[in-house]
2 protein chains.
Amino acid sequence: MIDESWSPPEVLATVDLVIFTLREQKLRVLLVERGVEPYRGKRALPGGFLRHADEDILEAAHRELREEADLDGTRLHLEQLGTYGTPGRDPRGRVISVAYLAIVPELPDPVAGTDAADAGWESVGEVLSGRTELAFDHLRIVTDGIERARSKLEHSALATAFCQETFTIAELQQVYEAVWGVRLDPRNFYRKVQKVPGFIEPAGQRRRATKGRPARLFKAGPAAVLHPPLMRPESIDSEGAR
Amino acid sequence: MIDESWSPPEVLATVDLVIFTLREQKLRVLLVERGVEPYRGKRALPGGFLRHADEDILEAAHRELREEADLDGTRLHLEQLGTYGTPGRDPRGRVISVAYLAIVPELPDPVAGTDAADAGWESVGEVLSGRTELAFDHLRIVTDGIERARSKLEHSALATAFCQETFTIAELQQVYEAVWGVRLDPRNFYRKVQKVPGFIEPAGQRRRATKGRPARLFKAGPAAVLHPPLMRPESIDSEGAR
DNA sequence: TGAATAGTGTCTCTTAGACACTATCTG
DNA sequence: CAGATAGTGTCTAAGAGACACTATTCA
């Protein structure tokens, strides 16, 4: 059935990064402006081809993170999101792209990448609404990334990756509110997160706010998964079905 | 910074399938015996290279499903599990494998694939315990597949994909028990699943059992996600942390 | 009839969410 | 002091799990 002389097709492999952070209470994604064809001038996810045939994919993701966002591996969440390989998605040939999801705390400056012509933190609202157009199938990848992040906030300690080394519970709540796009009751949230074993730990000190009573500081605890989970409130529309 | 004459490395792309089903109350995975090097004679996941440069990855997964398990797309769950591309995982060169998770109902016969030397449904217990050794990094892929399946039973209607067109609630419960590896109370389970909107629907008829009262028959409902979810009981060990 | 499985009722304990209230800061 | 944010107490309604009980079949 298989031709003896047949040999498997060769493809090109890229890595794309969906890097989320929080700025001004909004969930934002890092986009670069493409400096070369195809899609020159369009916004796109940071990423690129494997450097050489021996480069591990995860390693390539870390490298792109360094090169395009000047971010090093510490205090940073990086996980595989999915692989996108529809023929025709890239006019340069058959390109299979492995997408990674990265979460980083708010950064001091808007990132000056080395490669990209221009890089910036775009609000995901702008992207989802279509007001910011993306190259390739990157809209789809970002959409998948958002859904993954939303879901992981429920069951994992991912939210702490959005925060600095130490943080207040109100800050942690802002993460949940921004990613889920909901409002939460601060008082119930306050106890709920503290009740999850290993999620957050006291980190001494208090932080002065502009106003009001200074809040206690916490740091990420040892738990990777949350028992019990923090479920997002069920929006009226996203019912299972009827 | 980048050499002008540089061009991206080419890689080979494969698709691997983790196909789960239930046989004799046990979660089982389809394995084939490799007929060619490397790892000739070893057990491995069904899968193979892309056929040609224009073949979509998902399409390739469907093709392998047909070829190696004689299964067609209807009444079958197929989703991307992850991509495995560590250099050196395949001695034939730089191979990047996209793994898919497939769930099928119990099949009439043990599957006679066309390609594989021998194919059979192996209990996942055998695989996880190491009593059945697998080629490449397929143990890792199977492990990831199990965890994905366990997790998806909680939040999605995946369990019905293990069942026939119509099924009893007791049969559905066996799916949960086999995949999660726990015992559930039939009476509480009975109402719990029926309370989830859109999960299952009555399908007329009753089924005679060997003994006891015949059970009502149900079929899969329209809901893809479960609200509220069916959470697995927290095993003592898998606590979040302490 | 008894054994076996299907299906229902109900109790208890825990939790999620609402929200009143107290505490501690700045100006 | 007022205003603002942090943190606590408490009530209520809904859900999870335990388990007694009823229903319907076969032998």
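Note on naming: letters A, B, ... go to the chains in the order of the sequence lines (proteins, then strands), and numbering restarts at 1 for each one.
- With sequence neighbours excluded, the residues satisfying salt bridge (charged side-chain N to carboxylate O under 4.0 Å, His left out) with A:K42 are A:E133.
- Sorted by first then second residue, the side chain to side chain donor-acceptor pair (under 3.5 Å) pairs that include residues 189-199 of chain B, not counting sequence neighbours, are B:N188-B:R191, B:Y190-B:R216.
- Within the structure, ring pair (Phe, Tyr, Trp, His ring centres under 6.0 Å) pairs that include any residue of residues 141-186 of chain A comprise A:H155-B:H155, A:Y176-A:W180, A:Y176-A:F189 (at least two apart or interchain).
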Task: Nucleic acid footprint by protein, nucleotides 16-23 of chain D - heavy-atom cut-off 4.0 Å, B for base, S for sugar-phosphate alone - done: SBBBB--B

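- Residues forming a side chain to side chain donor-acceptor pair (under 3.5 Å) with B:T132 (at least two apart in sequence, or on another chain): B:E122.
- Residues satisfying the side chain to side chain donor-acceptor pair (under 3.5 Å) test with B:S97, not counting sequence neighbours, are B:T14, B:D16.
- Closest approach of B:L153 and B:L226 over heavy atoms only: O-CD2, 3.9 Å.
- Following rounding to the nearest Å, A:R216 (CZ) and C:dT24 (P) show an atom-to-atom distance of 11 Å.
- The CD atom of A:Q173 sits 12 Å away from the P atom of D:dT5 (whole-angstrom rounding).
- Rounded to whole angstrom, the span from the OH atom of A:Y190 across to the C1' atom of D:dT8 amounts to 9 Å.
- Near-neighbour residues of DNA chain C inside residues 158-169 of chain B, defined by a heavy atom below 4.0 Å, are absent.
- Sorted by first and then second residue, the salt bridge (charged side-chain N to carboxylate O under 4.0 Å, His left out) pairs involving residues 157-170 of chain B (not counting sequence neighbours) form an empty list.
- Between A:Q194 atom CD and D:dA6 atom C1' there is a gap of 11 Å when expressed in whole angstrom units.
- With sequence neighbours excluded, no residue forms a ring-ring contact (aromatic ring centres under 6.0 Å, His included) with A:F199.
- We find that CG of A:L172 is positioned 15 Å from C1' of D:dA6, with the value rounded to whole Å.
- Atom CD1 in A:I200 sits about 14 Å away from atom C1' in D:dA6, given to the nearest Å.
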